[in-house]
Amino acid sequence: MDLGHSRQRRGPAVSFKAAGLVVFLLSVSVIQGQNGWGVTYSPTKICAVKGSTVEIHCSYTYPSRIYGRHATVEKTFWFANMYPYDLVDLTTDPQYSGRVQYDCDKIRNNCTLRITDLRESDSAEYKFRFITNQLTGYTGSPGVTLSVTGLQVSRSNNGLDCQSSCVPDRPSFIWYKNGQKIQTEASSSYLSNYNYKDSYSCAVKGYEDSPSPPTCADGQTCNRVTYTDRNICAFKGSSVDISCTYSSYKNHVESKFWFSSERKGQWQNPSQPEDLSKDSQFAGRVQVIDTEGGRSTLRITDLRESDSAEYHFKFTTPSFEWRSSLPGTTLTVTALQVQVTRISVGQFVTEAELKCHSSCSPAGRLSYVWFNNKVEITGVETSSYKAWLYLGDNVSCAIRGREEFPSPSVYAPKLPSVSVSPSAEIVEGSSVTLTCSSDANPAANYTCYKKTVNPRPLSDTPQLVFSSIQSSDSGQYYCTAENELGRRTSNDFTMDVKYAPRVPSVSVNPSGKIMEGSSVTLTCSSDANPAAKYTWYKKTVNPRPLSEGPQLVFSSIQSSDSGQYYCTAENMLRKMRSNDFTMDVKYAPKLPSVSVSPSAEIVEGSSVTLTCSSDANPAANYTWYKEDEDSPKASGQIFTISNIRAEHSGNYYCEAQNTRGRHNSTLQLTVVADKSTNTKTIITLTLVFVMLILLLLALLCCVRFMKKQTLSSTTELNEPNETLEQSEFDPCTINSSALSTITAAQIEDAKENLV
């Protein structure tokens with residue numbers, strides 16, 4: 001189904017005159033097709049200046065359901081009515097190459113066509129077409145008429161006018177005299193006095209690349225150069241003629257030649273152009289033809305893409321030199337290209353539509369030749385070609401008769417390769433870039449993956465960048481290269497990230513308690529790349545290596561092996577030390593050692609301390625026994641006997657016990673009587689006896705004295721002297737206080753001896 005006709009309602013024509021120049025537009029209200037199909041253009045007539053940019057807008061409608069199915073727009077494009085037999089998408093038309101852009105919105109159903117660097121050949125009717133998912137298409141007709149015109153200088157009553165059928169709104173103009181810019185003029189009219197010897201040109205400011213041709217101010221003879229073509233496009237390997245007409249006001253032309261400003265770097269003096277025929281780049285390929293007076297043709301053969309440039313003509317007379325700043329003839333040399341539109345994709349084959357084109361628009365209808373792997377494909381002479389292409393196919397095209405200048409081949413990507421930068425070892429923390437590359441035409445699109453169970457795209461560019469790569473990034477990577485003709489997958493690339501050892505960990509086997517005599521293995525482990533080398537140490541004041549390797553083995557571990565151990569892990573990047581590991585070896589008590597304090601002869605009544613000690617892990621519990629007695633005498637390392645007696649004598653043994661076993665040691669204890677006891681007793685009894693005798697004597701003296709006192713009461717008064725004399729010799733006169741003092745001292749000494 002193809003709907004190409006529509007009904008329309010036109011709005012009023014609008015004309016605008018500014019500075020003698022007319023802008024003519026025709027607005028449109030609606031262009032509506034049948035049964036919900038339609039395209040609306042705005043505006044329908046556009047007049048634009050050569051070299052400018054134009055935008056053509058449209059909106060479109062279509063039924064929501066077609067053939068009972070939901071409809072969506074799959075493809076949109078613009079075309080020009082200059083091709084009555086083929087609807088050529090403007091983006092694929094060589095005549096518009098690089099000058100056409102679409103801005104389409106399938107949600108809002110609108111599309112804008114933008115054409116830059118307008119040429120007079122762009123004057124045409126432009127139409128919009130869209131195609132739905134139900135293979136139905138619609139073209140909005142009639143379309144938009146575009147007229148592109150150049151500027152012309154004409155005489156008026158007041159001077160010279162710059163005219164065109166359309167110019168931008170309120171433009172500013174630039175004037176040229178003999179090709180040189182006149183700085184003071186900016187209006188559409190040149191009112192100054194002009195010389196009949198001179199030629200004049202004008203341009204709209206901003207469009208200096210599209211000036212009017214030089215025009216003589218008065219008559220047909222003046223100083224001027226007019227180029228036959230402003231733009232020429234030619235195929236690589238072909239020949240081209242660049243022509244101009246020139247004139248000098250009644251002066252003899254002394255010299256003339258063609259030159260290109262792009263070659264000024266090769267001139268001896270950059271400000272003085274040089275004859276192109278003397279340029280080594282064009283040696284044997286340039287010829288100047290002057291078949292008639294006032295006309296010169298530059299012929300270049302075997303065109304190269306490097307010949308693309310702007311070419312100028314220069315002449316001199318005895319009084320004048322034509323060397324203008326006006327544009328000359330721009331030559332574009334291009335090679336044929338094959339444009340690929342993919343239709344469907346299989347695993348090993350792709351259905352594609354190929355189009356042979358160039359940025360040059362060839363004159364007339366040409367016959368084309370197609371090649372697959374350099375072998376001509378028979379039966380195809382058009383610019384388009386549909387085919388099933390395999391991954392190894394290489395397709396090119398050429399113009400019949402110019403098979404020696406074929407287009408570059410188009411082909412599916414070759415097997416992609418993955419490279420790494422920097423190419424040295426990959427160290428953790430560094431910046432690393434993986435680059436996927438493949439020979440493909442059209443250029444391939446790349447996707448990078450890490451090889452996992454369910455790989456996901458990591459990057460959709462040729463490069464995968466790790467700004468600070470980590471050990472977790474190690475693994476296998478691959479990429480795919482895909483263009484319109486196929487898809488290829490690279491071989492795996494192994495990313496081996498080097499990194500220093502992590503902090504080592506120490507483990508023990510068996511993992512339970514470490515028993516003396518058992519086999520014990522310590523294992524040191526650390527994540528490192530390259531693998532770490534291990535060294536074992538026991539923590540001491542000056543530790544020395546015990547062994548090398550990840551394991552430290554004790555075939556029969558001893559209590560002396562207890563202590564703190566650590567290991568080091570080292571590779572080319574760094575050395576790391578583990579935390580300390582405590583080796584706690586469990587063992588039964590060793591033979592206890594017993595001692596007695598005081599160590600001299602044990603005398604009855606003294607205090608004695610017995611001490612027991614044994615090396616054990618875990619620490620031992622101690623129990624004291626006396627030989628031939630079942631019940632323990634005490635528990636603990638120390639056993640104290642106060643006020644020891646003879647019956648305490650005998651053999652004592654200490655038993656040291658823990659969960660690993662028990663061990664005992666015996667001690668003999670002998671208690672002797674105190675030798676000083678009898679002597680002290682005798683002395684004490686003697687002192688007591690003496691004291692008793694003295695007390696008796698004292699009592700006798702006291703009795704006698706009392707008797708004397710009784711007798712003396714009957715004595716005469718003349719007898720006292722005799723009594724006194726007798727008392728001096730009386731035993732009772734002994735000092736009783738002295739006696740009591742001695743007696744007390746003796747008693748105290750006796751008490752000390754007893755103690």
Should the heavy atoms of other residues, nucleotides or ligands under 6.0 Å from NZ of Lys181 be counted, would the total exceed 12? no

Student check: side-chain heavy atoms of Trp370 and Leu354 closer than 4.5 Å: yes

Check whether the ring centres of Phe313 and Tyr246 lie less than 6.0 Å apart, and answer yes or no. yes

In residues 327-339, what donor-acceptor pairs under 3.5 Å come from side-chain atoms, sequence neighbours left out?
| unit_1 | atom_1 | unit_2 | atom_2 | d |
| --- | --- | --- | --- | --- |
| Thr329 | OG1 | Asp229 | O | 2.6 |
| Thr334 | OG1 | Ser358 | OG | 2.6 |
| Thr334 | OG1 | Ser359 | OG | 3.3 |

Any luck finding a side-chain donor-acceptor pair between Thr301 and Ser239 under 3.5 Å? no

For Phe128 and Trp78, I'd like to know if the aromatic rings sit close, meaning centre-to-centre distance below 6.0 Å. yes

Apply side-chain contact (heavy atoms from CB on, under 4.5 Å) to Cys216 and list each qualifying residue two or more places apart in sequence or on a separate chain. Cys222, Arg224

Pair Phe77 and Tyr102, ring centroids less than 6.0 Å apart: no

Under a 3.5 Å distance rule, please check whether Asn373 uses its side chain to pair with a backbone N or O of Asn394 as donor and acceptor. yes

Once rounded to the nearest 0.5 Å, what's the spacing between atom OG1 of Thr44 and atom CG of Leu146? 12.0 Å

Counting C-beta onward and ignoring hydrogens, is there a side-chain heavy-atom pair between Phe259 and Asp275 closer than 4.5 Å? no

In terms of side-chain heavy atoms, does Asp290 have a donor or acceptor partner in Ser296 at a distance below 3.5 Å? yes

